[in-house]
Asks: 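Sending over a structure as structure tokens; questions will come in a sec.
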Amino acid sequence: MMMRFAWIAGVMLAATAVLPASADVIYPRGLVKAPETLDPQKAATFNETPILYDLFEGLVTLDGDGRTVPGAAESWSISPDGLVYTFQLRDGARWSNGAVVKSDDFVASFRRLFAPETGATETGPLLVIRNASAVQQGSAKADTLGVAAPDAKTLEITLDRPVPTFLGRLALPVALPVNVVSIKKLGADFGTTGNIVSNGAYRLAAIDKKDGYILVKNPRFRDAKTLPIDSVVYKPFEDVAGCVDAYRAKAVLSCPDVPAEILPALREEFGSALQLAPYPGTYYFAINTAKPPFDKVEVRRALSLAIDREALARTAWSGAMIPTETLVPPELSGIPAASVAPIETRRAEARTLLEKAGFQEAKLAAPTPEPIQATDDTKTAPAKATDSKPADGSAAASDAAKPDVSKDVTNSITAKSHVAQPGDAQPVAPTPNDAPGKSTPVEPTPADGANKAEGARAADAKAAADAKKPVETGPQPLRLTIRVGTGLGHEETARIIAEQWRTIGVEATIVTEANPAHFARLRDGGDFDIARTGWIADEADPIDLLTVLRSDNVRFNYPRYQNRDYDALLDKAAVDMDVERRKQELGAAAALLAADAPILPVLGYVSLSLVSPSLSGWNANPYNVHPTRFLAVN
């Protein structure tokens, strides 16, 4: 049955005279936080992403399953060396103001994107375009950018180096085209008012203080007549709870996130309307492979085997994370998750490995201690385990299911300064519900001198205490320290793992310290045994996660993992344009990583959504992107 919402009809009729004759299929869509801008080249949060995908269409786009498909370009070809992409634009494509979409529009858009005065912050994935970095830094003229228009229907993009995932990068919001002519007329008003010229399935009719962002069919879009939804109204809320309340009152048909602290209750209340989908990121523990006894693969494998990940996800996270044994989620690798042996079988193998490494199972393991602070001065009040927003409010989406996640993970796409490839960007880190390319800098800043001094005093105190302990002879149990930063969810995760390790005779102490100091320790080569961290990819490709552990990744290879064969496989995959061969190279690298076990992958991030049964086409996908044109209201 078609949905009719009288509460918004008056606003919409006043906003536009180009509504369909029977504008009765309306999709009220929840947002968490209002967008900061609708300029795709300046947008930097998840709040803008769904609206941008409705308003604009790039050369390629993402369909309802998150697959890269033709967009404004109907076809393309790639040169044998992988450096030149030639796109053929669709016939009859027009902007919402009636102007013809030409290849020159894309040239002007890319030049604006990299112009220093634009101030674009999300350009990293596209800095592989020839001369992009130099243009952005002001050391090269705009016309030297590797984007050209041989004719009105043809666009050529030339890269600095082969990038097998470049087509996917062109589907990111930052690659969406803008109508530069209209922008020059609007000036600062572009992206903040209803006066936006776009080329997507919908156009902006109005921005209303009460009802939000009102989009209607773009009658000039090629599929306008067959779009199931006539109008979409984006209703912003201050927090996820507000959106859930509106969903409960049937004022919106979907919410992009939910509060994880009440996930069991929401699951009971809403049933299948509460949707959990795997997200391309992994919560893991780094093992200091440069420090004995963790330089022994037997020790590392034993620690991994003893973890009951199913129980961990269920107990510590109420099902808001999913268990995983691999750094790369199966959804990205294409390799189905391997079956897992019964936990007691695994733990028996773990005990054998520890004995082989020279450790004796503790006869009477002491109870797992509560987490202790590194120093009195570094104590901070732990964030709630289900904090749904970073404190500064700058994150792209709520992190309800991933507490303190803005302090947990680092994003990578072209943030590979250790590889020193041309066009690589500095690292940024998104929240797990971020759509592709929408990330916010969250890597903690280096600890200041006071924190470093405090850490040194803590280390001295520990050394002094250890010196007073009686000398032990003969085989001893493995004793280690787990460092988790701060956050109740992280502390609970470490506590459960420590209890599970006791079953194989390992004695673990949990230490917390302020997150900036925690990550500074890992990044700057400080001492640790086991440490909590994680990585979320902003490009749905295995290499995005695997590159974190390259030998030359001095910034984020926290385990100090060194394997030349692993590096060589990634080097090949980074430029290999043969899809099947590249898949084999990445699979071989992942297998080496699993065998060496420098990290303990334990949990996979998920996206959480509330989706009405009356809304069809909302399909789980790694990007958590759901363009309105692929949805329908039943």
Side-chain angles (χ1 to χ4, degrees), residues 27 29-33 35 38 40 43-72 122 125-126 165 167-177 198-202 213 215 221 223 227-229 232 234 236 243 252-258 275-281 329 331-332 395-399 401 411 413 430-440 536-541 544 604-612 615-632:
Y27 169 25
R29 183 167 183 167
L31 279 181
V32 179
K33 297 292 184 184
L38 295 183
T45 76
F46 180 72
N47 307 327
E48 293 102 1
T49 299
I51 303 181
L52 293 177
Y53 276 132
D54 282 351
L55 291 175
F56 301 92
E57 183 178 54
L59 293 165
V60 298
T61 190
L62 298 176
D63 68 8
D65 294 313
R67 297 172 300 194
T68 301
V69 297
E122 302 295 315
L126 301 181
T165 60
L167 276 176
R169 298 184 185 191
L170 289 177
L172 300 175
V174 71
L176 295 173
S198 59
N199 71 326
Y202 294 85
Y213 297 76
L215 279 62
F221 186 69
D223 295 331
L227 293 178
I229 293 175
V232 53
Y234 284 92
C243 192
V252 297
L253 294 182
S254 64
C255 289
D257 204 353
V258 301
Q275 297 193 13
L276 282 72
Y279 203 80
E331 293 75 20
L332 293 193
S398 97
D399 299 324
N411 165 281
I413 185 166
T431 57
N433 275 351
D434 283 357
K438 294 303 157 201
S439 51
T440 51
I536 293 178
D538 63 356
E539 185 173 33
D541 189 84
D544 196 285
Y605 294 108
V606 299
S607 60
L608 300 171
S609 308
L610 262 180
V611 183
S612 171
L615 188 66
S616 60
W618 188 290
N619 302 329
N621 63 76
Y623 290 112
N624 192 27
V625 168
H626 309 278
T628 301
R629 61 180 284 209
F630 298 112
L631 304 177

Asks: Can you tell if the side chain of V60 reaches within under 4.5 Å of the side chain of V69, non-hydrogen atoms only?
Replies: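 Not touching, per the 4.5 Å side-chain cut-off.
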Asks: How far does CG of L62 sit from NE2 of H626, to the nearest 0.5 angstrom?
Replies: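 Between L62 CG and H626 NE2, I get 11.0 Å after rounding to 0.5 Å.
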Asks: Is it the case that D65 and N619 place a side-chain donor and acceptor less than 3.5 Å from each other?
Replies: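 Yes, because at least one side-chain N or O of D65 sits under 3.5 Å from a partner of the opposite role on N619.
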Asks: Rounded to the nearest 0.5 Å, what separates atom CG in L215 from atom CD1 in I229?
Replies: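 Rounded to the nearest 0.5 Å, the CG-CD1 separation comes out at 11.5 Å.
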Asks: Let's go through E48 and T45 carefully: what are the C-alpha distance in whole Å and the side-chain angles of both, what is the deciding distance for side-chain contact (heavy atoms from CB on, under 4.5 Å) to 0.1 Å, and is it a yes or a no?
Replies: CA-CA 6 Å; E48 293 102 1; T45 76; 2.7 Å; yes
Asks: Once side-chain contact (heavy atoms from CB on, under 4.5 Å) is applied, do any residues pair with P627, and if so which ones, sequence neighbours excluded?
Replies: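 For P627 the side-chain contact (heavy atoms from CB on, under 4.5 Å) partners, ignoring immediate neighbours, are D54, V625, R629, F630.
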Asks: Evaluate V32 against F46 for side-chain contact (heavy atoms from CB on, under 4.5 Å), listing each step before the verdict.
Replies: CA-CA 9 Å; V32 179; F46 180 72; over 6 Å; no
Asks: Taking atom CG of L170 and atom CG of L126, what is their separation to the nearest 0.5 Å?
Replies: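 CG of L126 is found 6.5 Å from CG of L170.
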Asks: For a quick test of reading the model, state the closest non-hydrogen atom pair linking A201 to L227 and the distance between them.
Replies: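 Closest approach of A201 to L227, heavy atoms only: O-CD1, 3.7 Å.
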Asks: May I ask you to check whether S609 and Q275 show a side-chain donor-acceptor distance below 3.5 Å?
Replies: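 The criterion, which ignores hydrogens and geometry beyond distance, is not satisfied for Q275 and S609.
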Asks: Over all heavy atoms of both residues, which pair between K33 and N47 is shortest? Give the atoms and the distance, please.
Replies: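 Minimum heavy-atom separation between K33 and N47: CB-ND2, 3.5 Å.
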Asks: First locate atom CG of L52, then atom OG of S198, and finally report the distance between them rounded to the nearest 0.5 Å.
Replies: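 It comes to 10.0 Å.
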Asks: What distance separates C255 SG from L610 CG, expressed to the nearest 0.5 Å?
Replies: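 Output value for this atom pair is 5.5 Å.
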Asks: For S254, what residues pass the side-chain contact (heavy atoms from CB on, under 4.5 Å) criterion, not counting sequence neighbours?
Replies: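 Only Y27, R29, L615, W618 meet the side-chain contact (heavy atoms from CB on, under 4.5 Å) criterion with S254.
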Asks: Which heavy-atom pair separates P35 from I51 by the least distance, and what is that distance?
Replies: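 Heavy atoms only, the tightest pair is CG-CD1, 3.7 Å.
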Asks: Roughly how far, to the nearest 0.5 Å, is the CD atom of E331 from the CG atom of N621?
Replies: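 Reported to 0.5 Å precision, the distance equals 11.0 Å.
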Asks: Do you know which two heavy atoms are closest between P173 and P40, and how far apart they sit?
Replies: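 For P173 versus P40, the nearest heavy atoms are O-CB, 3.6 Å.
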Asks: Looking only at non-hydrogen atoms, find the nearest pair between N199 and P177 and report the distance.
Replies: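 Closest pair (atom of N199, atom of P177, distance): ND2-CG, 3.7 Å.
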Asks: Can you list the residues that meet the side-chain hydrogen bond (donor to acceptor under 3.5 Å, both in side chains) rule with D63, with sequence neighbours excluded?
Replies: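 Counting only residues at least two positions away or on another chain, D63 forms a side-chain hydrogen bond (donor to acceptor under 3.5 Å, both in side chains) with R67.
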Asks: Where do G30 and P256 come nearest, in terms of heavy atoms and distance?
Replies: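 It is O-CD, 3.4 Å.
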Asks: Between the side chain of Y234 and the main-chain N/O of P50, is any donor-acceptor distance below 3.5 Å?
Replies: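 Yes; at least one donor-acceptor contact below 3.5 Å.
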Asks: Once side-chain contact (heavy atoms from CB on, under 4.5 Å) is applied, do any residues pair with A540, and if so which ones, sequence neighbours excluded?
Replies: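 So A540 forms a side-chain contact (heavy atoms from CB on, under 4.5 Å) with L332, P622, Y623.
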Asks: Who are the side-chain contact (heavy atoms from CB on, under 4.5 Å) partners of S612, not counting sequence neighbours?
Replies: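 If we apply the side-chain contact (heavy atoms from CB on, under 4.5 Å) test to S612, skipping adjacent residues, the hits are Y247, L253, S614.
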